[in-house]
Amino acid sequence: MKNITTYKMTLVFATNNQNKINEIKTFIPKSIRILSLNDIGCFEEIKETGKTISENALIKSKHVKINYGYNCFSDDTGLEIDCLNGEPGVFSSRYAGKPTNSKKNIDLVLKKMRTEINRSGQFRTCISLILDNNHKLFEGIVKGQILNLPIGRGGFGYDSIFKPNVSDKTFAELSVKEKNQISHRGIALKKLLNYLIKLNL
Ligand code: IMP
């Protein structure tokens, strides 16, 4: 017999980044149906014109709610490096210019930090949730060190040069599950989930 799932809620996750979708699906209860931007036919580029990570998260969730009517959450993440005055920050995806390229971004960070002794930095994720007429923001931060060269084959973005302080491995050496347990996005998602659970889902 076909297994028919009845969902208590549908939420659009305003991304087409399959890595992020895989990460969050390990978190979200099966009673919540997650749709991506592709799933709802949203193929246009949502311009991230905000000056901060939280502004960009809000822009994406608002775009979906206003144009497609779905309850939605979106995340925006930045790597904030102390000796670079918080860069790449809001420019994390396009730090080395467009088209975006993770390897070029990493190369630029490592070049700028070549002689730096202070290697500390943090990932910050902001999740913007729009549920009917309510807007909520959830933040997750993980502090760590920027390595001198990439290590590890997993993950994405800057994962291979970021070693969280709570681990002796880079994010790129951890499994998705291990990364979720300590990551910026994992922390912000747990806050989102706690909020949704209190709504009795
Ligand atoms: P986004 O705007 O949230 O997609 O994130 C901006 C950029 O930050 C991405 O293009 C990635 O390069 C980087 N990034 C986001 N999340 C992560 C992560 O979990 N690990 C490593 N890099 C990330």
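Atoms within each ligand, like the ligands themselves, are counted from 1 in listed order.
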Run the contact test for [X] against ligand 1 with a 4.0 Å cut-off on heavy atoms, strictly below, and give the result.
| X | answer |
| --- | --- |
| F123 | yes |
| D159 | yes |
| K20 | yes |
| D76 | yes |

Nearest protein heavy-atom contact for [atom]: which residue, which atom, what distance?
| atom | result |
| --- | --- |
| atom 11 (C) of ligand 1 | G157 CA, 3.9 Å |
| atom 6 (C) of ligand 1 | T77 O, 3.4 Å |
| atom 14 (N) of ligand 1 | F156 CE1, 4.0 Å |

**Intermediate values then yes/no, salt bridge (charged side-chain N to carboxylate O under 4.0 Å, His left out), K112 and E87** = CA-CA 10 Å; K112 287 195 177 192; E87 285 183 11; 3.4 Å; yes
**Fill in**
Min over S93, G78, S92, G186 of heavy-atom distance to atom 10 (O) of ligand 1 lands on S93
**Request:** From the options E48, R124, R185, R94, select the one whose nearest heavy atom is closest to atom 16 (N) of ligand 1.
**Result:** R185
**Single-linkage hydrophobic cluster, 4.5 Å side-chain cutoff, M113 and F171 together** = yes
**Request:** Examine L11 and Y70 and state if one hydrophobic cluster contains both, with Ile, Leu, Val, Met, Phe, Trp and Tyr joined whenever side-chain heavy atoms are less than 4.5 Å apart.
**Result:** no
**Request:** May I ask you to list the atoms of ligand 1 that are less than 4.0 angstrom from any heavy atom of K179?
**Result:** 18 (C), 19 (O), 20 (N)
**Distance filter under 4.0 Å to H184 heavy atoms, resulting ligand 1 atoms** = 17 (C), 18 (C), 19 (O)
**Asked** ligand 1 versus F171, non-hydrogen atoms closer than 4.0 Å: side chain, backbone, both, neither?
**Response** neither
**Prompt:** Going by atom types alone, do S36 and D39 pair a side-chain donor with an acceptor below 3.5 Å?
**Reply:** yes
So which heavy atom on [X] is nearest to which on [Y], and how close?
| X | Y | answer |
| --- | --- | --- |
| A188 | E139 | CB-C, 3.9 Å |
| V142 | I182 | CG2-O, 3.5 Å |
| S160 | I106 | OG-CD1, 3.5 Å |

**Asked** Any nitrogen or oxygen of Y158, main chain or side chain, under 3.5 Å from a nitrogen or oxygen of ligand 1?
**Response** yes
**Message:** Between D76 (side chain only) and S54 (backbone N and O only), is there a donor and an acceptor less than 3.5 Å apart?
**Reply:** no
**Request:** Return yes if some donor-acceptor pair links the side-chain N/O of K163 with the main-chain N/O of S167 below 3.5 Å, else return no.
**Result:** yes
